[in-house]
Structure formats: C-alpha cells, structure tokens
Amino acid sequence: MTLDRTRPLFIRLLLLALLVLVPPVALLAHGAMDDFARGLVPEMDKKAAVVGRDLASSIERAVNYGIPLDKLHGMPEFFEPVLGANREIRYLAVTDRDGRILFISGADAALLAPFFSSADFDIAASRKALIDNFVDITQPLMFKSALIGHLHVGLDQDYVQSRVLEIGVDIGVVTLVSLLVAVEILLFVVTFNITGPIRAASTVMDRVRHGDFSATCGVTSEDEVGRFIHTFNAAIRYADGLFRRLEAYLDEVKTAHFDKTVVERVAEIESRIRFLFRFSRSSQPEVVNEHQATDIRLPLFLFVFAEEISRSFMPLYIRDLYMPVDWLPLEMAIALPIAVFMLCIAAISPAAALVSARRGSRRVFLIGLAPATIGFLMSALATNVWDFTLWRSLTAVGYALVTMACQSYIAQASRQQNRTQGLGVYVGAVLTASICGTGIGGVLAERVGFAATFMISAILAVIAGLLIHRLMEAAQPAQDAAPERRVAFLPLLRNWRFSALVLFAAIPSKIALTGFFFYLMPLSLMRSPDTDLGDIARMMMLYPIAVVILSPLASRLADRMGWKAGLVAIGGLIGGAGLVLPMVSPDSDLLGLAIVLLGVSHGLSASPQLAMIPDICWTECRNIGQTNVLAFLRLTERIGSVIGPFLAAAFIPLFDYTGAVVALGWVVLGMSTVFALLSFAFGSGPHIEAEDTE
Amino acid sequence: MDRIEQPHGTTASVLPPPRPVRWSLVRKVSLALVSILLSTLLLAGFFAYYKFESVYSSLVQSRYSFVVFTIKKRVEDNLNLGLALRQLRQVQDILEREKMRDAQVIAVEIFDARGEVLFDTDRGAIGSRVAANLVEALKGAPGQPFGATDEDALIVGLPLVNNLGKVEGGVVLRYPAVYVNYGVSGLLLELSKGILRNLVVFSILAVAGLYLLFGRVGRRLDAMERSLNTVMTNGGPAVVDRPGDAFEERFADFVAKSREAVDHIHDATQEVGRLDRLQ
Amino acid sequence: MTLSTALRRLAAALLLMMVAVWPAAAAEDKAAVKPKPLRIYMALWRGWEEAAQGFKDYFINQNIPVELIVRDAAQNKDKLKEFVAEAKQMKVDLVFTWGTTVSEEMLGRIDSVDPTRHITDIPAIFAIVSQPLGSMVSDFASSGRNITGTIYLVPTETQVNLIQSYRPFKRLGVVFNPLERNAQVAIAELTAIGAKTGFSVESRALELSDGKPDPASIKGKVAELKAAAVDFLYIGPDTFLNVNRDILTGAALEHAIPTFAAGENPVLTSKALFGGVYRYYTVGQLSAYKAEQILLHKIKPADIPIDPPKRLSIIINMPVVRQLGLYPPMKLLGLAEVIDPTQEGKAK
C-alpha cells in the first residue's frame, strides 16, 4: 500500500464499504419481505372471501332457478372477468359434494383434483387450505339449506412473492445508489485527506531531495496526515531556521570582520551552502498545495445528481402543470421546458467556459449554484408550464456555469497529470450521478411527489455549494490567462468530415437522447397502467449504466484499432435500430431494450467522436486550437438536443407514443446510415494523420 | 560519519511538539461510512414501508371496491327496470346487509347526481349532502372506481349509471383510515428494529475495519515521523521500513537530505564561528 | 304474475303517489326557478302505454315541471293533420310522436318535409319508429333537421350476438308471414349476417287462406324447421306471429327447439326461451332525456344522435329453460331478468 496513490487504499476501503453496506441492507430487505408476505395474507384472504361470496351467491341463484350445479353453463366466461380484474386470484373452481371438480378456470384440474377429492369438505362453512403454491379459500354452495358443493377461490402465492420482489428491486436500487454515493464520498475522503496531502508532501519532498528547502506543504488538517505533515514541515522550517541564523551570522561576520581573508572564507562558506541548498528569500516559505481533478468530483457529482433526480419524471411533471391553450398542444408544451433547458445550456456554455478560465472555477461554481438552486426550488413551486420553463432555464444557466467551472478546474488540475484521466473524472462523476439521480429520483417522486423531489434537488445543490465553499478555499489551481482572440469557427463547417460528423452523428445522437430518452420515454412508459414511477426510473437507469460499461471499452477499442469513425457509425446505427424496435410490439420490455441500445450506442460513439477530431480537422486544430474545435462540436451538437423534444412532440399526434419512438428511430437510423456510408470515405481522404497536439 | 553530533548537545527533539490529532482518519471515515450506512438503511426501510403500505392499502381498497361493485350491479339492475334511483327502497336493505357483513365498514351510502344522500346505512345522514369532491368524482370514467379521503375515513366509490347511459348518482363505502395504518404498523415496528439492529452491528464492524485499515496508515506515518524526529535530533541514517516503497524511499532521501542540510549548516556555522574567533 | 311485472306495478303505484305529491314538491323545489312548466305535445297512436308512461315518469323523477298535452289518434291517420295544426296553434315547446305513422305524418318523411303540413319550427322527438333510417333520418348521428328520436328495435346483429352468447348455432329457423314486409326485411338481414358470421337461415312462409295467413299452418312449419335441424327459432317483429305466439312457441317447445324473440311478449306471456328487447318504458325515458337536453340544456335536436337505450333487456323464461334443459350461460343469467313463476318473490 503506497500512500501517495489513491487506488490501493481506495480499493480496500471500497471492499470494506461493500462489506458493511450490502449485508445489512440485504438482511433488512429479507426481514421486510418476510413481514410483508405475512402482513398481506389476512387481507388477501378477506378479499378472496368477498369475491367468493359474490360468486357463490350468483351460483346459488342459478341453482335456485332449477339449474343443476353440474349443468351450469358458460362458467369460464363467468369466471374470466373476475380472474382478469383480481390478479392475486389465480383460479376459481366449483366442486360437487364429493369434491369432484365440475368447473375450473385458471389452473389445471389434474393438479388440484387429488387434493379436492381427498379433502373433507362436508361442512357448510368457509375454510382455508394450502394447496401446492395456492391458498385455497372455500365457500359452501347451498341449496334449500343443504350443501351441494363448494366454490374455491385460489390465491396465488406467487402474486405475493412478486409484490415482495418489487420491494427487493426498490431496495436493490437504493443499495446500488448508496454504493455509488459511497464510492464518491470515500474517493473524496481518501483523496482529500490522504492522497492529496501526501502528494503535496511528495512534491515538497522532491524539492528537498534536490536541496530545495524553499517550500512547505499547505496542509492543516487535524488528523494523522496533518500531524505527519506538521512534523514534516517542522523539519523543513528547522533547517530553514538554522540557515537563517547562519545567514545572520554570516552577515554579521562579513560586515563586522576586519580580516579580509576571513571575510573571503566566510563568503566561500556561504556560497558553498547556497550552492548545495536553496532556501526561500523571505523567511516565508512557499506553500505547496496539490490540486487534483478528483477534488471537484464530489461537488460535481452532487450537483449532477440534483439535476438528474428529475430525469425520469420531468415530462410527467410538465404534463401535470399543463393547462390547455389552443395554440400550444400538450405535446409541444411538454417539449418546451426540456428544449429551452438545452438551449440555455448551449447559449451559456461558451461564455461560462471563458468566465471560468478568467474568474476561477470555485467562484464560477458558487455563482452557478445560485441560479441552479433557485431554479430547483422554484420548479417545485411552479404553477404552470410558463413559469416552470423560466425556472428550468434558470437551472440551465446554473448547470452550464457549474459544469464549465468543473471542466475548467479539471483541465487546469490535470495539466500536471494526465488529461484523459481528468476527462475520465468528469465523465465518471456525471455518469455515476446520472445513474444515482435517475434511479433514486423516480422512486422518491413516487413516494413523496414531484415537488418534494425538486426540493431535494435544491438541498443537494446547496450541499455541493457548501462542500466547494468549505473545502476548496485554498484549492485553486494556478490559472493561466487563456489567450483571447476571436476564433473563426465557420471554416470548420467547410471541412466536410467535420460537418458530416456534426450533422449525421453528433446531432442524431442528441436527438435520440433528448427526444426519446428525456421526452418520450417517461411518457410512453407511463401509458402502461402497471408501470409506476419507480419502474420508469429503474428502466431509465439502464442508459447511464450501459454507457458506463461501454465507454472505457470503446475508448480502448478506438485507441487500438484506430477506426474511430467506424465506432461512431456503429454506435449511431445501434441507437437508431434500438429506437425502431418498439415497432415490433409496443411492449415496455422492448422500450427497455431500446434504452439499453441507446446507452450502448452513446457508450460506443461518445469518446471516439471526440477522439476523431484531431484526425479529421488537424489543420483547424492547429489554427484555432483543439479545445475550441471541441467546444464548437459541443455547441453544434446541441442543435440536436434542442430539436429532439420538439421533433418527438410533433410525431406524437401523427403516430401515437410508440409510433413517435419508432419515427424518431427512423430519423436517427437514417442519419446514422448516411454517416456510416460517409465514414468509409473518411479514411481515404487527403487529411494528414495528426500529430498529438497536446 | 564522524561529523554527526548533537546540534545543541541535548537529546530533546529539535522539532516542535507534534500537533495533536483531534479528528483522526478513522473518525472521519467512520463518520462518513456510518452516515452512508444510516441513510441507506433509512432509505431502504422507507421504500419498503411505502411499498408495503401501497400494496396493502390497494388490496384493502380493491376488496371494498369489489363490494361497492356488487352493490352497483344490483342497483343498476333495478335502475334498468325503469325506476328512479330514489325510489329503489330495497337498496337500503342491500346496503345494511353489506355493512353487517364487515364490521370495519363505517358506512355505505348512495347519493344522486347532485350529491343528495338517498340511502345510507347511517339513516340519519339520508337527505344530507355529500362532499363536493365525490360529486366531482362521478364525472370520471363510469366503469372506474374512485377513491377519496374523509377526515378519518377512506372512501371507495363507483358511479351508478342508468340504462340511458346517464350517471344517476354514486355509491360509496367508507372504511376507517386507521384500518390500513393498523395493518402496516407491525411492519413499521419490525423495520425500525431491523434498521437499528443492523446499524449498530455494522457500524461496529465498519469502525473495526477502518481501525485496521487506517491504523496501519497512521502507524506508518507515525513511524516515518518518529524516524524524521530521531534523525533530525540525533542523526543517523533514515530507516526505510519497507524497502521498495517509492514513497518511503523518497521520504528516506528527504530525511537524509534534511539531515545533511542541518549538518552542513551546522558545520558552516561552526566554521564561521571558528573564523570569527580567529582574529 | 311475474316478478318483473309485479315490480313494474309497484313502480307505477309509486309513480302515482309521486304524481299526487308532485305539484307541492315542484312548488318547493323548482317553482321559484321555473315558474312556467314546459309544454310538450304528445301525439300517440294506440293510446297511453309503456313508452308514454316512461316519457312522463322521467320528468317526474327528474323534478322537471312539464305540462303534457296528450292526444291519441286511436289508429286513425286522419286525426294527425288536426294534431299538427293544434300543436302549431298552441305554440308548444316540444312535440313527441309515437310510432312510425304518427312520426311520418306529423314530422314528414325525410324526402317530403313540408312546413305547411308538418311540424318544422317546433323541436320534435320521435319514438317507436321501426325503421327510422331512410324514413325519418338519413344518419343516426344527426337528423339534420329540428328533430331527434330514439331507436326501439334491437339491431339484428345485436340479436344474433345475443343468441350466439346463449349457445353458438349454425342454423337459424324463421317462420314468417309472407304478407308482412317487416318480416321479410328481417330475414334478409339475418341471411346477410349469417353469410358473414357463418350460419344459415331456414325460413318458412306461412300458408295463406282467404288472403290471410293461416294460424293452423304454424305447427307444420315448425315441424319442417325441426326436420331442417335448426338450432334456434327466431321470432321477429312480426305482428301476426306475435298474436299467435302461443301456438308458435308451443310448437317449438314440443319439438325441443329453443326460441329467441325480438319482442318481450313471447317470453313474458308465452313459451319463448329468451328474448332481447329495449323496453318501451325505457325508450320513453330515453326520449324524455333527449327532450330534457333540448329544452333545458338548449342542445339543438340536430346535434343529438338518434340511438337506443344503453342497456338491452334480456329476458329469460325459466320454466322453458328447465323444460328444454338448455341452461343459460352464467354471464347472461347475471345480466338477465328471469321470468320464473315458481320462484316468485324469492330471487331478484
């Protein structure tokens, strides 16, 4: 275990977290499931008795009309609606006095016959028995106060089991989310308290090893690391102090001594010491702090978490807020805040990036939190689509500021390390937050309502702000003034490879994301009556999960095979094909598959898309800088983000919900196909393989 | 290395006393981990409880809406004979029979489209008006049961539709809200106990694990600190606890270099002193 | 006496009481709001019967004050011209016409409406018109005129579905009066539906003597149908056979052929197995409901569709069921009114 590297310590910590988080939740869930099953049974029995009594009285009425019990006609049709409307009831059966099955619906007669014939039913009271996997509630059938047979209502134990399992699924999501949160927090704790300070100490140590005593380590924590660093600094200060005394002595001797040779000898000693060692000029040593990309990870995670909480129910919330107006149909009204949010981000981001570079990430992060928090808070209190759109655009302004601040912080912090690693920190935090936010948001909203869930977003944003405020005070990486000049982006569009990438890969992928995933998905899932918000959220979690799993794979593939355009093309085709899938059947399972495929698609194509840039526009990268080219790609692809919801909204009245998904799929698939065809030409063009511009 | 001497001729440490550890790593991480554990358990318990409550209350509701449905069927059969709702005298008996079957039922009542109670198991309420939201609920889908809440009662109801397809009124059944609460309170207690038990057991486990994990970190830091102190105070080579560990080796270099600097300065100071006295 | 007739008598008695107390109630409830009762001109063909009663009862049940001007043509076509003149002269709020003849003569067939001979300015509602489509209106969704109305005959397709739901069948037997056009129309419709859904229609025309159908030939025709192995006997809206329903249903029962009737009488008072009808009383209520929409809710008659009551009355004759041993499906039994003299007062 090395102290200056995060990974070994973190992995051990994570194992411990796994050990102390998963078993208790599993135990709790197990206990709850048992109690749950036990608690439901009496109520199910009562329900079965009520249903049985009603059916029995209908049968008795028929028998009273002189219809022999075994000649009752149309029993399957009689039982069918009852079975259909009460899913906990698995079968309904009528037996005669001897326990022979006369009629049965919902279960195999052969399975139950041995039980019915052997049981002693010669009593005129209702009773309960366990048969195989069923609970059999029996009602006597009477005619002229004589027992003529029995009506059996069979309760399905599996029904209870499946409802109980739903709890398990809910708790599973909670566990997954809390593990991910634990990862973020522990990562933060380890890097902030141990690795960061130790790295700073290392930096200082390296200087000392080269004889440079001009720096100390800027760590003031009151833990073991703080104590160690304190002593460590004390050693440096001690050396520094000795040197100062020597210096004073030397000065004294040099000025006061009359003997020239002595002065020369003393000067010689001084220059020897100064040659061997370096001390700060003033008595104030330079303070070294270590800036790591991971420092900002937890606040970023919390903030994105806050935003993603509303992911799974955003369109549903807007639908609730909608008040009919002639000129704005419901579909468009739902699309409006989603698209405006995207538009605001697109509009603010470039400016936010500049401001972050100039004013410092911490300040911009904090500034951005203000509109975002107000946005979340007021979203909870919104009364109609209009003010909601306003609050969402406020949130978007905050979102753009915060994410840009984080990106610029990471870019600056990771200058010392590895840039890809830095990008990994950003993407990692955003995706984990997306998994957690989406998953927990839906379940929460189902329990406490949409508005309260938005409040929780606001609280999370405030916590993120407090963290930044309290913990990042000193941690501000050195900024370099970004060279400012007007950059001409338009020539970029003349590069057909870049235009093709934007138009047929980046834009359709955003259309699929905002049009399908953000907009259509919750709406179409909610149409199935069995689906609740939690189910939607769980399904929507699949997208970030797929991206998380595939992204590293895709970037490795892109590096190894070098055929980045191909991956982008394949990704696009997979995503489009996924959306077309629900054509086969409007089943929600297929929608789930479409989500997974969209995740696969974006996981495959996102990083190759960026990695392609230096290849396909190396001249432009030279001229205006790769960062600017990437920023321009980001800006243009957001056109897709904005039109996605509107496109979906326009499709709904034409093709209904599932049809709209499919139609959107065809659009995406069509554009991706164009890109796939063009991508064959990418390699053969006259563009020179770019040197690394880093 | 014969030049190594006590810089000031004492064995007391040259470095200031170590800073006291007020918030040890174990404490910090324990706090984080235990709060994660607590919130996970609370959230899981919360979700489990709510799920149970919703399944349980929907089961209760579906049972009572079935009862309401059977009443609706019988009333509508009578309406089909062309009688007006308020003339269906036998309905009062039907309602009273249903109430008798289930002691939990507070009341069953039938009201007309304008909200006037026509029949009620609580005969005193006949002629009074039902809450406006129930009248409003009649306007929903005619086959769908509707739910509502009263002060302390839960209500399920169905609209009554005559053979002209016109909603004539509604039938509602009131049952006590505490009935559901009572049914789920057992689970709540069990859950709270489970949460507490798991929290205690696994918090202890977490703290123990963290002691193991960070105890080592602390001891290593402590050892390095002591070796630094010793070397700075008494001289001698810096000890590398774990050869091969890059950090420790660098630290040893650091210690050696620091000592070297101290020695050099010390020697220089002595030399200057000697020269100073050499006048 | 059957249960349902007993119930209806009870209802009638109750209604009489209501009528007696109504003016007082109206004075309390509605008088302040609507001091002048609405005036409705009721033109009847065969005197006061169930549909007229249903029409009247609806207003009483709904506490809507109306003044009914009741005129009975007593099956005399000439009187209808006077009715038109009288209704116009009285400036009534609405006209209710009972039966095909009354409706056609007073409101005008769709192709020959004449404002001088027919009522056009006053909104009107027709009821008990056998074939309103083509005669009174060209579209059930909207009359396109200042009238609306109700349907009282169960659509043939619904009847077929009803029989199918009792027992699936392949062959449907019909005995008909060759002099009644209605019966032939019904057979043509049945045959067309049969061709679509897979059953055949065996029809036998009654023999004529002195230019009139001979009741004595009924038994023979039923025997012929039995020989043709029909699954059900269908009794349509055939006046002659309705008069001779005892002979027809008796013969069918003798041959163990189940009988379905498109009218209520063969089931209620004879030996048909079951029937599906819209009750006249309900049709009258529905007509009154439409009148309410026109008069109180100010909906234009042309905007009110012409439709039957929402719920079909299925009547099952239990003694016949037992005799045939052909038991009704439970679902149908749950929906039906059961005629069972031996069970009087026990069930339902």
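Worth saying up front: this structure is predicted, and the values here are computed from it rather than measured. Sequence lines set the chain letters: A, B, ... in the order given, protein chains first and strands last, and positions in each chain run from 1.
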(request) Nearest 0.5 Å please: distance from the CD1 atom of A/Ile269 over to the NE2 atom of B/His264. (result) 12.5 Å
(message) Between A/Val25 and B/Phe202, does the side-chain contact (heavy atoms from CB on, under 4.5 Å) criterion hold? Intermediate values first, please.
(response) CA-CA 10 Å; A/Val25 180; B/Phe202 285 90; over 6 Å; no
(message) Counting C-beta onward and ignoring hydrogens, is there a side-chain heavy-atom pair between B/Leu221 and A/Ile198 closer than 4.5 Å?
(response) yes
(request) Please check if the side chain of A/Glu224 supplies one atom and the backbone of B/Leu25 the other of a donor-acceptor pair under 3.5 Å. (result) yes
(message) Please check if the number of heavy atoms outside B/Arg27 that lie under 6.0 Å from its CZ is greater than 12.
(response) yes
Distance-only donor-acceptor hits, side chain of residues 40-53 of chain A, under 3.5 Å, sequence neighbours excluded:
{"residue": "A/Glu43", "atom": "OE1", "partner": "B/Tyr179", "partner atom": "OH", "Å": "2.6"}
{"residue": "A/Glu43", "atom": "OE2", "partner": "B/Arg63", "partner atom": "NE", "Å": "2.9"}
{"residue": "A/Glu43", "atom": "OE2", "partner": "B/Arg63", "partner atom": "NH2", "Å": "2.8"}
{"residue": "A/Asp45", "atom": "OD2", "partner": "A/Lys128", "partner atom": "NZ", "Å": "2.5"}
{"residue": "A/Lys46", "atom": "NZ", "partner": "B/Tyr179", "partner atom": "OH", "Å": "2.5"}
{"residue": "A/Lys47", "atom": "NZ", "partner": "A/Asn86", "partner atom": "OD1", "Å": "2.8"}
{"residue": "A/Lys47", "atom": "NZ", "partner": "A/Glu88", "partner atom": "OE2", "Å": "2.6"}
{"residue": "A/Lys47", "atom": "NZ", "partner": "B/Ser62", "partner atom": "OG", "Å": "2.7"}

(request) Using a cut-off of 6.0 Å, state whether more than 12 heavy atoms not belonging to A/Tyr249 lie near its atom OH. (result) yes
(request) Measure the spacing between CZ of A/Phe228 and CG of B/Leu228 and express it to the nearest 0.5 Å. (result) 7.5 Å
(request) Pick one of side chain, backbone, both or neither for A/Phe277, based on which atoms fall under 4.5 Å of a heavy atom in chain B. (result) side chain
(message) I want to check something: taking the side chain as every heavy atom from C-beta on, are B/Lys28 and A/Asp223 in contact at a cut-off of under 4.5 Å?
(response) yes
(message) Under the side chain to side chain contact (heavy atoms under 4.5 Å, CB included) test against A/Leu16, which residue among B/Leu205, B/Leu33, B/Leu212 passes?
(response) B/Leu33
(request) For chain B, find which of A/Leu21, A/Leu19, A/Val266 contributes the most heavy-atom pairs closer than 4.5 angstrom. (result) A/Leu21
(message) Is B/Glu53 close to chain A through its backbone or its side chain, or both, or neither, when contacts mean heavy atoms under 4.5 Å?
(response) neither
(message) Run A/Asp532 and B/Lys51 through salt bridge (Lys or Arg N to Asp or Glu O under 4.0 Å) and show every step you take.
(response) CA-CA 11 Å; A/Asp532 58 27; B/Lys51 190 86 199 180; 3.6 Å; yes
(message) Working to the nearest 0.5 angstrom, can you tell me the gap between B/Phe254 CZ and A/Asp206 CG?
(response) 11.0 Å
(request) Please flag which part of B/Asp102 lies under 4.5 Å from any non-hydrogen atom of chain A: side chain, backbone, both or neither. (result) neither
(request) List the atom of B/Ala268, the atom of A/Leu246, and the distance in Å for their closest heavy-atom pair. (result) CB-CD2, 3.8 Å
(message) Strictly by ring pair (Phe, Tyr, Trp, His ring centres under 6.0 Å), give each pair with a member in residues 30-52 of chain B just once, sequence neighbours left out.
(response) A/Phe36-B/Phe52, B/Phe46-B/Tyr50, B/Phe52-B/Tyr56
(request) Please determine if A/Asp54 and B/Lys73 form a salt bridge, counting it only when a charged side-chain N lies under 4.0 Å from a carboxylate O. (result) yes
Output a table of donor-acceptor pairs, distance under 3.5 Å, between side-chain atoms of residues 170-178 of chain A and any protein atom two or more places apart or on a different chain; print 'none' if there are none.
{"residue": "A/Asp170", "atom": "OD1", "partner": "A/Arg538", "partner atom": "NH1", "Å": "2.4"}
{"residue": "A/Asp170", "atom": "OD2", "partner": "A/Arg447", "partner atom": "NH2", "Å": "2.5"}
{"residue": "A/Thr175", "atom": "OG1", "partner": "A/Ile171", "partner atom": "O", "Å": "2.7"}
{"residue": "A/Ser178", "atom": "OG", "partner": "A/Val174", "partner atom": "O", "Å": "3.1"}
{"residue": "A/Ser178", "atom": "OG", "partner": "A/Thr175", "partner atom": "O", "Å": "3.1"}
{"residue": "A/Ser178", "atom": "OG", "partner": "B/Thr40", "partner atom": "OG1", "Å": "3.2"}

(request) Working to the nearest 0.5 Å, report the span between OG1 of B/Thr269 and CZ of A/Arg245. (result) 8.0 Å
(message) Quick check for you: among A/Leu250, A/Asn193, A/Ile440, which has the greatest number of heavy-atom pairs under 4.5 Å with chain B?
(response) A/Asn193
(message) Looking at every heavy atom in both A/Ala235 and B/Met232, which two are closest together, and how far apart are they?
(response) O-CE, 3.8 Å
(request) Please state whether the side chain, the backbone, both or neither of A/Val448 comes within less than 4.5 Å of a heavy atom of chain B. (result) side chain
(request) First locate atom OG of B/Ser258, then atom OH of A/Tyr238, and finally report the distance between them rounded to the nearest 0.5 Å. (result) 11.5 Å
(request) For atom CZ of A/Arg272, decide whether the heavy atoms of other residues, nucleotides or ligands shown that lie under 6.0 angstrom number more than 12. (result) yes
(message) As an exercise, state the distance from CZ of A/Arg209 to CG of B/Asp253, rounded to the nearest 0.5 Å.
(response) 4.5 Å
(request) Check whether any side-chain heavy atom of A/Phe279 sits under 4.5 Å from a side-chain heavy atom of B/Ile265, and report yes or no. (result) yes
(request) Would you mind telling me which of A/Pro24, A/Gly39, A/Ala17 has the largest number of heavy-atom pairs within less than 4.5 Å of chain B? (result) A/Pro24
(request) Count the heavy-atom pairs under 4.5 Å between each of A/Arg227, A/His230, A/Glu270, A/Arg265 and chain B, then report the option with the highest count. (result) A/Arg227
(message) Report which part of A/Leu28 has an atom under 4.5 Å of a heavy atom belonging to chain B: side chain, backbone, both, or neither.
(response) both
(message) Please classify the contact between A/Leu179 and chain B as side chain, backbone, both or neither, with a heavy-atom cut-off of under 4.5 Å.
(response) neither
(request) Answer with side chain, backbone, both or neither: which region of A/Ile236 has an atom nearer than 4.5 Å to a non-hydrogen atom of chain B? (result) side chain
(request) Select one option (side chain, backbone, both, neither) describing which atoms of A/Val189 are under 4.5 Å from chain B's heavy atoms. (result) side chain
(request) Check whether any side-chain heavy atom of B/Leu210 lies under 4.5 Å from a side-chain heavy atom of A/Leu13, and answer yes or no. (result) yes
(message) Report, in residue-number order, which members of residues 187-198 of chain B are under 4.5 Å from chain A by heavy-atom distance.
(response) B/Leu187, B/Glu190, B/Leu191, B/Gly194, B/Ile195, B/Asn198
